[in-house]
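Keep in mind it's a predicted model, so treat the numbers as computed, not measured. Labels below follow one simple rule: chain letters A, B, ... track the order of the sequence lines, proteins then strands, and each chain is numbered from 1.
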Amino acid sequence: MQNLLHNLNPEQLAAVTLPPQNALILAGAGSGKTRVLTTRIAWLIQTGQVSPAGVLAVTFTNKAAKEMLARLSAMLPINTRGMWVGTFHGLCNRLLRTHYRDAALPQTFQILDSQDQLSVIKRLLKANNVDDEKYPAKNLMYFINNNKDQGLRAKDVDAYDATERKMVELYDLYDEQCQREGVVDFAELLLRTYELLSRNQPLREHYQLRFRHILVDEFQDTNDLQYKWLKLMSGHGSAAGGALFAVGDDDQSIYAFRGANVGNMSAFEREFQVKNLIKLEQNYRSHGHILDAANMLISNNSRRLGKNLRTDAGHGEQVRVYEASSDLQEAQWIIEESKSLINEGTSRSEIAVLYRSNAQSRVIEHALFSAGIPYHVYGGLRYFQRAEVKHAIAYLQLMDNPHNDSAFLRVVNFPARGIGARTIEQLQGAAEQYGISLYAAVPYMVGKAGTSLGGFVKMVEGMRFETQQMALPELVRIVLDGSGLLQHYQGEKEGADRVENLEQMVSAATQFVSEEGYGQGAPAHLGPQAQAQAGNAIVSADGVEIIDADAPLATVMSPLSAFLSHASLEAGDNQAQAGQEALQLMTVHSAKGLEFDNVFITGLEEGLFPHESSSKEDGGVEEERRLMYVAITRARQRLYMCFSQTRMLHGQTRYNMKSRFFDELPEESLKWLSPKVQSHWFANKKSAWDEAPLAGSDNAIARQIAQKSSGGSGWRIGESVAHAKFGEGVIVNLEGSGSNCRAQINFGNVGMKVLDLSVAKLDRLPR
DNA sequence: GCACCGAACTTTTTT
DNA sequence: AGTTCGGTGC
């Protein structure tokens, strides 16, 4: 135990050893949050305050859950496999598999990822002849998820106009359809579990009594339903129930757009009467100038819980700021600086290039490619999202649950086997008529359509029979082969990668089987007899037998079902391919939780960062500021910031002002690399472009713009101006000439204005 | 059933 | 600008 608590600072120690009461830990960036969380669990177990089975630890990502488990096994001499450490969705899946009957789900229910969900909705809209102009599938999906994330079923949603009523109706139809097909979407996993436990008192009390300690990571990212879920699990407001230990950072809340509610932190503090609020403000990551920048920036936000990071490391280097004339030049600068870092011996993987939006990566990638510097971009398609892999998964899904219409439709004619749209239409008609799945409707089809569809069903049945006693990896191999997928891609010109991805699925299955504790030889299809083996059967007061979801998943679901869940819930690694000697390119969002010695924050321009769409939502700019805070606090030693006067976006050149965030950083922590222009500067020079530091090919572009733009009016596109009413802006376009000249000016958050230059009073501004 | 062309989109993303 | 999606035409 000495070892466990060794090296903790006073605040960390206090948090780890808190009495078994509700607690809120405000953990700043780089303050050892994960360490506190895992040490808390280890300490509770080691001091005998709780058994491993009495702990529930919830995270948002699989990565975080895995890391927590890894650290726990390093700290404790116990097998962590059976412990309840996982994502909200993973834990709900486990509960629903165990209590599938009570939750009114088929044992082999399948999980829709976002892609699948969208295609279910598209199908629904088509089947109901809904005008998809008026009700785009994406909107409906957003509507449904949004409501589920708040714990609202269709019947609970208040509709105020005809459009909303229609949406509610479609929401209801959607749920019915999912139920018919035996599929659940991500939000449904949570909502279904929530409803199950709300409704079923013995079950609820069982888990409430069981989990003495519930610990939540990244609490600021919880949505309303997750908060309700935690309330329920922790038995809030009832006699039973354990202590909720929430760790989070309100300043790093950057997921409001997907339903996260920072307000949950203060709500928790209030509703759970939190007496133990501990702030972890000692930062172990960044040098002083970097922290000063972060602290001052975030102090511009209101409604904070309040926190200031400090470090024992020295000031370190100032933040280097660079103004480029174009996005190309910005990229060029990043490359020059990276090169010199690399020459100093910096590992390429310790250089991160962050941007607000994915579109920005292209220019940077291009420049890196030309310069021959290896790089890695995060955020592409993940393994289980690739089309060929999804096809294979669909075949596997059909073998486990043939009534999954999405899976059926996805592969019924892939590879092509002569089943066309006409046939499918007929089949859908029959299925609707009898209220059954497409698969079940096949026998009702006659003629040629019946034959081809029958052939498909026979193939699926054949594979199912053939693989009955097989272990999962073998089963996967048979399906890849028997479905004709492998052959299909082998015969394709560009199919080599896809074949490789398919082959990889066999090893993914092998790895899954060994990691999840399924005996290598265990048949992939495991019947309900597994149910009987489930451990800890308990009997509730009213005599209902409850099987605790305690036993390893292997006893409540077959390897195949488990593998399919895994494929939906864990789309595959996209993060951290450790040891890769390459520059790391990613959005600021995906950088959260990571750290690097050297960080570039790029595209710091009004409209990009903060993003223009953020000014329309209330609290939008504050969220952008938190995003900037996250970006800054990723850096350990060196931080670079840059912005560009011009940028190619959506096919046209845009002229932006530098980000307002620069005005919110401490002057003394910044080092401006581009000459900081004095106010009299513009009086002497006719154009900023003449003297701006330009590199290489960019010179020409900049001059072109400069020439094209002055047009005799004395003003220039790209020039910064000030207007008495609208404030600061940038000239985006000039039209007309002489006394008839008008300028289109981007006034940032005020918006775009067209002003007559003979009338408007404008002042030139130095950049 | 497949290939090609044009239109429409383009903040951030995990499960 | 670049991609992706859906529709049309063969």
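No engagement by F88(A) is indicated, since no non-hydrogen atom pair under 4.0 Å with the nucleic acid exists. The residue I419(A) sits close only to the backbone: its heavy atoms come under 4.0 Å of sugar-phosphate atoms, none of a base. Residue S614(A) is out of contact with every strand shown, counting any heavy-atom pair closer than 4.0 Å. As judged by a 4.0 angstrom heavy-atom cut-off over every strand, E617(A) is placed among the base-contacting residues. Using a 4.0 Å heavy-atom cutoff across all strands shown, N62(A) reaches sugar-phosphate atoms only and no base atom. F257(A) comes within contact range of at least one nucleobase, with a heavy-atom separation under 4.0 Å.
Side-chain atoms of H589(A) lie closest to dT12(B) of the nucleotides dG1(B), dT14(B), dT12(B). Ranking dT12(B), dC2(B), dT13(B) by closeness to the R356(A) side chain, first place goes to dT12(B). Listed candidates were dT15(B), dG2(C), dT13(B). Nearest to the side chain of R362(A) is dG2(C). Candidate nucleotides dT11(B), dT15(B), dT13(B) were compared by shortest atom distance to the side chain of S613(A), and dT11(B) ranks first.
Among the candidates R647(A), R654(A), K658(A), M657(A), the single residue satisfying the side chain to side chain contact (heavy atoms under 4.5 Å, CB included) test with E605(A) is R647(A).
A cation-pi geometry, defined here as NZ or CZ lying under 6.0 Å from the six-membered ring centre and within 45° of its normal, holds between R97(A) and F109(A). In this structure, R626(A) fails the cation-pi test against Y629(A), since its NZ or CZ atom is not both closer than 6.0 Å to the six-membered ring centre and inside 45 degrees of the ring normal.
For CG of D618(A), the number of neighbouring non-hydrogen atoms (other residues, nucleotides, ligands) closer than 6.0 Å is 12 at most.
Dashed line: the shortest gap from a side-chain N or O of R382(A) to OP1 or OP2 of dT14(B) is under 4.0 Å. In this structure, N358(A) reaches the dT13(B) phosphate: one of its side-chain N or O atoms is under 4.0 Å from OP1 or OP2. For S568(A) and dT15(B), the shortest distance from a side-chain N or O to OP1 or OP2 is not below 4.0 Å.
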N/O contacts under 3.5 Å, protein versus nucleotides 6-10 of chain C?
residue, atom, partner, partner atom, Å
dG6(C), OP1, K122(A), NZ, 3.4

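Aromatic ring orientation, H589(A) versus F257(A): perpendicular (interplanar angle above 60°, classes split at 30° and 60°). Ring geometry for F563(A) against F384(A) counts as perpendicular: the plane angle is over 60°, on a 0 to 90° scale with 30° as the lower cut.
Remark: P of dT11(B) and CD of E605(A) are 16 Å apart, rounded to the nearest angstrom.
To the nearest 0.5 Å, atoms CD1 (I334(A)) and CD (Q332(A)) are separated by 9.5 Å.
The same atom, P, is picked in dT13(B) and in dT4(C); the two are 16 Å apart, to the nearest Å. For dC5(C) and dT12(B), the P atoms lie 16 Å apart once the distance is rounded to whole Å.
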